[in-house]
There are 2 protein chains.
Amino acid sequence: MQSLSTPETNAILSTHLEVRVVIFSLDTRGLQVLLRPLADPQHPIWELPGQAVGLDQSLDESASHCLTHYSGLQESYLEQLYTYGDVKRCHEKRLVSVVYFALIPLDKAIFKSPDHACWHAVEKLPDLLLDTGDILAYALRRLRYKLEYSAVGFELLPDNFSLSELQSTYEKILGEKLDKRNFRKRILKADIIEPTPHQRLGEGRPARLYRYRPDAVAEVKTRRLFP
Amino acid sequence: MQSLSTPETNAILSTHLEVRVVIFSLDTRGLQVLLRPLADPQHPIWELPGQAVGLDQSLDESASHCLTHYSGLQESYLEQLYTYGDVKRCHEKRLVSVVYFALIPLDKAIFKSPDHACWHAVEKLPDLLLDTGDILAYALRRLRYKLEYSAVGFELLPDNFSLSELQSTYEKILGEKLDKRNFRKRILKADIIEPTPHQRLGEGRPARLYRYRPDAVAEVKTRRLFP
DNA sequence: GCAAAAGTGTTCTTTCTACACCCATGC
DNA sequence: GCATGGGTGTAGAAAGAACACTTTTGC
């Protein structure tokens, strides 16, 4: 039994510590995840964007740096998901992956991500490296779950959005239709968004635009927004 | 940007990877956590039980091994909590702690834990190492939260328990009184416990004993048991 | 027979769900 | 003036909260 005060250095000499980020976004077709190709460009295997954790970096900093590198965004929703460290997940070496998940509004992200990374619909994923499929499944479950009791949907939208856009976001992530009147009642009652003076013009009647209340960020105790 | 295929080995040469386990239990006084003393036996600083992760060990295996070492129990509730990897949390070295939390029934645990580890009431914690206080606060929050929507309370009780004992468990963890009739209605409706033929004799009328339904373990979708 | 803990139902309030029509704009 | 998406209220069902007395045992 090793304690903090007597670490056994050789136990971690060939362990590789990395962060990976599951970056979700939303386009008209649905929920997308950013993956980068590995190996053969003809029949690539895809992996989560990630990086080794630098000696002088926190895990959070590494993940944030990685997210910025791939999305071009400085401030985004980023949360630690889970740490994967099964010995069987990689044959060559001891691989510990601290996985984060991120939500970004597609309109703000850079068009072309580095390392040929690109977006994939979560319902139609390509061949994936190692246990990446499991990680993605868990990230998606957590995202859906989080949506039910917190206010995370806004992170995928531009600063100003219409209630229909917000509802459509929830529907795409949850994969089910929601009632328009009930949706509005609940989201407004939850008191986490506020109207702006702006409107969005479109095909029909213009839509009032709303924004996420900045002071609602702190403690979002909006449990079970959509049971 | 480092990828899985080109790891920068020197970046992790002096990183220490360890697991720590927040082991909760319950006695008559309330919720307890197992801590082990560090340094001066007169004025000790306390830390979470933990160990370096062996090269041939999964994180889960390490945590499980550590839990068994300190509790004497083979099978217990054990779940990954969070991975702490801030550079500022330890001055001497790069310290990455994958923290788990565990729930054990006190009646089954060994009486004397190794390394002079002992139980402390969560409301009256001693001096703690580094960010151990933050970790404990988070573990407690997660435990309380989990109790509201899942069936985790049983893990702290013996195999057979009365409804009053179960209610008392919930009350001690949540820190509030619950209505006896409503509690019984809900816990029985949730269909996660079943009566046994046994009774517990005591000062008053004997109590029927219940047990956790083993087939209810798989997917406990009992959300918001106690809102 | 009394102390001590176990056990049990009903009413009221709140929340959830289902559902259909009018409104403002662009063309 | 019509097509398009935006916006609004109500009634019935379900779930939650509050609440007090009877039962069984040991002493």
Residue pair A:K180/B:L209 against DNA chain C: nearer the 5' end by closest nucleotide is B:L209

Margin query: Is the phosphate of D:dG6 approached by A:S164 (side-chain N or O, under 4.0 Å from OP1 or OP2)?
Written below: yes

The nucleotide from D:dG9, D:dG6, D:dT24 with an atom nearest the side chain of A:K185 is D:dG9

Exercise. According to the interplanar angle, ranging from 0 to 90°, do the rings of A:F161 and A:F154 count as parallel (below 30°), tilted (30 to 60°) or perpendicular (above 60°)?
Worked result: tilted

Atom CD of A:E165 and atom P of D:dG7 are separated, to the nearest Å, by 10 Å

Atom CG of B:L201 and atom C1' of C:dA5 are separated, to the nearest Å, by 12 Å

Testing D:dC19, C:dT15, D:dG9 for proximity to the side chain of A:N182, the answer is D:dG9

| message | Between B:K108 and B:D159, does any side-chain N to carboxylate O distance fall below 4.0 Å? | response | yes

Ranking C:dT17, C:dC23, D:dG9 by distance to the side chain of A:R205, first place goes to C:dC23

Side chain to side chain contact (heavy atoms under 4.5 Å, CB included) with A:F24: of A:L103, A:I173, A:L106, A:I104, only one passes, and it is A:L103

Checking D:dG9, C:dG7, D:dA15 against the side chain of B:R208 (C-beta onward), the nearest is C:dG7

Separation of C:dG7 atom P from B:Q199 atom CD, nearest Å, is 8 Å

| query | Could one point to a donor on the side chain of B:R200 or the base of C:dA6 with an acceptor on the other under 3.5 Å away? | reply | no

| request: Report yes if at least one side-chain N or O of A:R186 is closer than 4.0 Å to OP1 or OP2 of C:dT17; otherwise report no. | output: yes

Rounded to whole Å, CG of A:L188 lies from P of D:dG6 at a distance of 15 Å

**OP:** Classify the nucleic acid contact of A:R184 as base, sugar-phosphate or nothing, counting any heavy atom under 4.0 Å across all strands shown.
**Re:** base

Whole-Å distance, B:L166 CG to C:dA5 C1', equals 16 Å

Atom CD of A:E203 and atom P of D:dA3 are separated, to the nearest Å, by 13 Å

Separation of D:dG6 atom P from A:I187 atom CD1, nearest Å, is 16 Å

To the nearest angstrom, the NZ-C1' distance between A:K189 and C:dC16 comes to 10 Å

Looking only at heavy atoms, the pair that brings A:R200 and A:N160 closest together is NH2-O, 3.5 Å

- Does a donor on one side chain sit under 3.5 Å from an acceptor on the other, for B:R184 and B:S164? yes

